[in-house]
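Throughout, a chain's letter reflects where its sequence line sits, starting with A, and its residues are numbered from 1.
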Amino acid sequence: MFELISRQNNARRGRCTTPHGVVETPVFMNVGTQAAIKGALSADDLKTVGCQVELSNTYHLHVRPGERLIKQLGGLHSFMGWDAPILTDSGGFQVFSLAGLRKIREDGVRFNAHTDGRQIFMGPEESISIQWALGSDIAMAFDECIENPAPYEYVSASIARTTRWLRRCDEQLKLLKTQEDTINPGQVLWGINQGGTYHDLRIEHMKQIADLDLPGYAIGGLAVGESAEEMYSVIEAVEPHMPSDRPRYLMGVGTPANIIEAVSRGIDFFDCVMPARNARHGHLFTSAGVLNINNLKYRDDERPIDSACACPVCSKYSRAYLRHLFKAGEMLAMRLAVIHNLHFYNSLMQDIRTAIETGQFDAFSRKKLPLLSQRA
RNA sequence: GGGAGCGUUCCCGAGUGGCCAAAGGGGGCAGACUGUAAAUCUGUUGUCAGUGACUUCGGUGGUUCGAAUCCACCCGCUCCCA
């Protein structure tokens with residue numbers, strides 16, 4: 001269930017209710033692919049950084065440890081100690097990212113597992129059954145995330161198949177809901193829009209999937225090589241065709257600037273590995289821009305990463321200490337950096353929500369955008 | 001006292017006459033990262049000068065058209081036998 005609280009131009013302030021609680025939007029979902037946030041963060045740490053929704057991955061949890069085990073242990077929430085909302089990605093992104101290890105057919109995708117090479121078949125029914133067993137709150141449709149650039153004819157055929165797959169996902173979830181044996185009976189399915197950078201295909205596909213009247217819709221297949229401007233123009237093309245009373249999720253995006261730009265174009269949900277991955281590599285986000293904590297200039301810098309940041313790392317540690325931890329290869333370096341970056345993202349979303357509520361969003365983005373992209 | 005080795009660019013370590021400013025690691029410096037096969041990957045790391053020049057392989061001298069590579073002596077270190 002999704003409720004719009006307020007809006008400013010196209011930017012929306014909303015509230016999404018799930019079986020494990022309410023999500024205030026716009027929101028950034030923190031990515032824990034294998035039921036863990038890389039960088040040694042626990043579910044408790046997720047609370048500390050202000051995470052509302054955790055995201056895990058169907059393909060990866062299916063490969064290891066397997067959804068049967070997780071179901072047997074009470075479902076994903078119980079397994080990883082997270083009692084708030086969880087969204088599971090369907091494995092559709094792995095169709096893209098593991099392109100060298102899979103073959104696509106009408107019924108689904110055959111993978112050679114990246115761990116040991118064994119054959120794994122995943123189609124719409126399999127993906128939904130796995131997500132059902134995991135017991136996430138929001139299950140994503142099994143789609144083909146198309147590489148960019150891709151020929152028009154290929155994209156056209158692919159979105160038609162993704163639509164057929166979506167209908168099968170929907171049927172499968174309805175079937176599973178008739179069974180007694182459930183972890184999370186309130187799980188919902190969200191559809192995913194594809195179409196590469198072809199506006200007409202994007203719109204055509206969006207119209208097709210909107211017909212299924214699902215409780216949420218995502219835009220997928222962006223931020224895979226095209227320019228930011230191209231991505232924004234795709235959002236602008238598709239957005240008018242997305243049901244306005246349902247949450248919109250821009251998958252896998254992005255930089256702080258990408259997020260603000262997308263919120264201004266009507267997006268409510270985001271997720272991205274960037275804050276966590278970049279943190280592990282020493283790349284930190286601050287209110288004054290980005291910085292690489294490994295740089296020599298921070299060797300004796302007594303200041304916190306971001307003096308405007310309220311995270312537990314910034315309230316206690318210096319840049320010099322963080323740099324030392326990275327140089328020494330201590331895993332604490334990654335942990336502290338990830339805590340900071342995720343806190344930064346979650347707190348940016350809080351600021352965005354407040355700005356929309358108070359009618360200040362346009363001024364907020366004008367002020368923030370130039371700062372966030374520069375070198376701190 | 002006798003015998004056998006070794007000394008390479010920040011470190012370790014290859015190289016035993018030209019294709020060597022010198023492999024490969026490490027370390028350093030910098031860059032990338034967008035529904036995570038990523039604690040990963042890429043570039044760079046003698047000096048100066050934009051296709052080149054100069055200095056360098058413990059030291060000094062020598063052989064040679066040409067030496068990190070061969071010879072002599074010296075300095076330092078290691079191991080074995082007394």
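In this structure, CD of A:Q94 is placed 10 Å from P of B:rG35, rounded to the nearest angstrom. When the P atom of B:rA30 is taken as reference, atom OH of A:Y298 falls 10 Å away, rounded to whole Å. Nucleotide B:rG35 holds its P atom 19 Å from the CG atom of A:D268, rounded to whole Å. Atom P of nucleotide B:rA37 and atom CG of A:L98 are separated by 6 Å, given to the nearest angstrom. Rounded to whole Å, the distance from CD1 on A:I120 to C1' on B:rA37 is 12 Å. Taking atom CZ on A:F326 and atom P on B:rA39, their separation rounds to 12 Å, with Å as the unit. Per the geometry, CE belonging to A:M274 stands 13 Å off P belonging to B:rU36, to the nearest Å. As rounded to whole Å, 14 Å separates atom C1' of B:rA37 from atom CZ of A:R102.
Among the heavy atoms of the strands lying under 4.0 Å from A:G221 is at least one base atom, whether or not backbone atoms are also near. Residue A:D89 is in base contact, counting any heavy-atom pair closer than 4.0 Å across all strands shown. Among the protein residues, A:A276 comes within range of the nucleic acid bases, having at least one heavy atom under 4.0 Å from a base atom. Using a 4.0 Å heavy-atom distance criterion, A:D116 is classed as making no nucleic acid contact. If you check every strand for non-hydrogen atoms under 4.0 Å, A:L250 touches nothing. Here A:R375 lies in heavy-atom contact (under 4.0 Å) with sugar-phosphate atoms only. Within 4.0 Å (heavy atoms only), A:H283 reaches at least one base atom of the nucleic acid. If you check every strand for non-hydrogen atoms under 4.0 Å, A:K297 touches nothing. Note on A:L296: only backbone sugar-phosphate atoms sit closer than 4.0 angstrom, heavy atoms only; bases stay farther off. Residue A:N295 is in sugar-phosphate contact alone, with no base atom involved, counting any heavy-atom pair closer than 4.0 Å across all strands shown. If you check every strand for non-hydrogen atoms under 4.0 Å, A:M331 touches nothing. Nucleic acid contact class of A:Q34 (heavy atoms, under 4.0 Å, all strands): none.
Taking the ring axis of A:F2 as reference, the NZ or CZ atom of A:R15 does not stay both within 45° of it and closer than 6.0 Å to the ring centre. Because its NZ or CZ atom is both nearer than 6.0 Å to the ring centre of A:W82 and within 45° of the ring axis, A:K47 counts as a cation-pi partner of that residue. A cation-pi contact links A:R161 to A:W165, judged by a cut-off of 6.0 Å to the six-membered ring centre and 45° from its axis.
Every side chain to side chain contact (heavy atoms under 4.5 Å, CB included) that A:A308 has, sequence neighbours left out, goes to A:S287, A:D306.
In this entry B:rC57 has no Watson-Crick or G-U wobble partner, no candidate having both defining distances under 3.5 Å. Pairing for B:rU63 is absent, judged as Watson-Crick or G-U wobble with the two contacts each under 3.5 Å. Using N1 to N3 plus N6-O4 or O6-N4 for Watson-Crick, or N1-O2 and O6-N3 for G-U wobble, each under 3.5 Å, B:rU44 pairs with B:rG28. In this structure, B:rG50 forms no base pair with any nucleotide, since neither Watson-Crick nor G-U wobble geometry is met with both distances under 3.5 Å. Base pairing of B:rA39: no nucleotide in any strand meets the Watson-Crick or G-U wobble criterion (both distances under 3.5 Å). Base-pair partner of B:rU69: not found among the strands shown (Watson-Crick or G-U wobble, both distances under 3.5 Å). With both pairing distances under 3.5 Å, B:rU78 is matched to B:rA4 as a Watson-Crick or G-U wobble pair.
Follow the hydrophobic side-chain contacts under 4.5 Å out from A:I5 and you never reach A:V53; the two are in separate clusters.
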>> Test salt bridge (charged side-chain N to carboxylate O under 4.0 Å, His left out) on A:R319 and A:D300; report intermediate values, then the result.
In response: CA-CA 8 Å; A:R319 292 174 177 183; A:D300 58 357; over 6 Å; no
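Look at A:N292 and you won't find any side-chain N or O under 4.0 angstrom from OP1 or OP2 of B:rA30. For the OP1/OP2 pair of B:rA37 and a distance below 4.0 Å, the side-chain nitrogens and oxygens of A:S97 include at least one atom meeting the criterion. Between A:R280 and B:rA38 there is no side-chain polar atom (N or O) within less than 4.0 angstrom of OP1 or OP2. For B:rC33, the OP1/OP2 oxygens have no side-chain nitrogen or oxygen of A:K38 closer than 4.0 Å.
A perpendicular orientation is assigned to the rings of A:W190 and A:Y249, their planes being inclined by more than 60° (bins at 30° and 60°).
Within a heavy-atom distance below 4.0 Å of RNA chain B, the residues of residues 190-204 of chain A found are A:I192, A:Q194.
On the P atoms, B:rU69 is 15 Å away from B:rG15, given to the nearest whole Å.
In this structure, A:H60 does not pack face-to-face on the six-membered ring of B:rU36, missing the 5.5 Å centre cutoff or the 30° plane limit.
In this structure, A:T58 contributes its side chain and A:D89 its backbone to a donor-acceptor pair below 3.5 Å. Panel note: side chain A:E54, backbone A:P85; no donor-acceptor pair is recorded below 3.5 Å.
In terms of position along RNA chain B, the nucleotide closest to A:R323 lies nearer the 5' end than the nucleotide closest to the other residue of the pair A:G92 and A:R323.
Inter-residue side-chain proximity for A:D83 and A:H77 is flagged as unmet; no heavy-atom pair is nearer than 4.5 Å.
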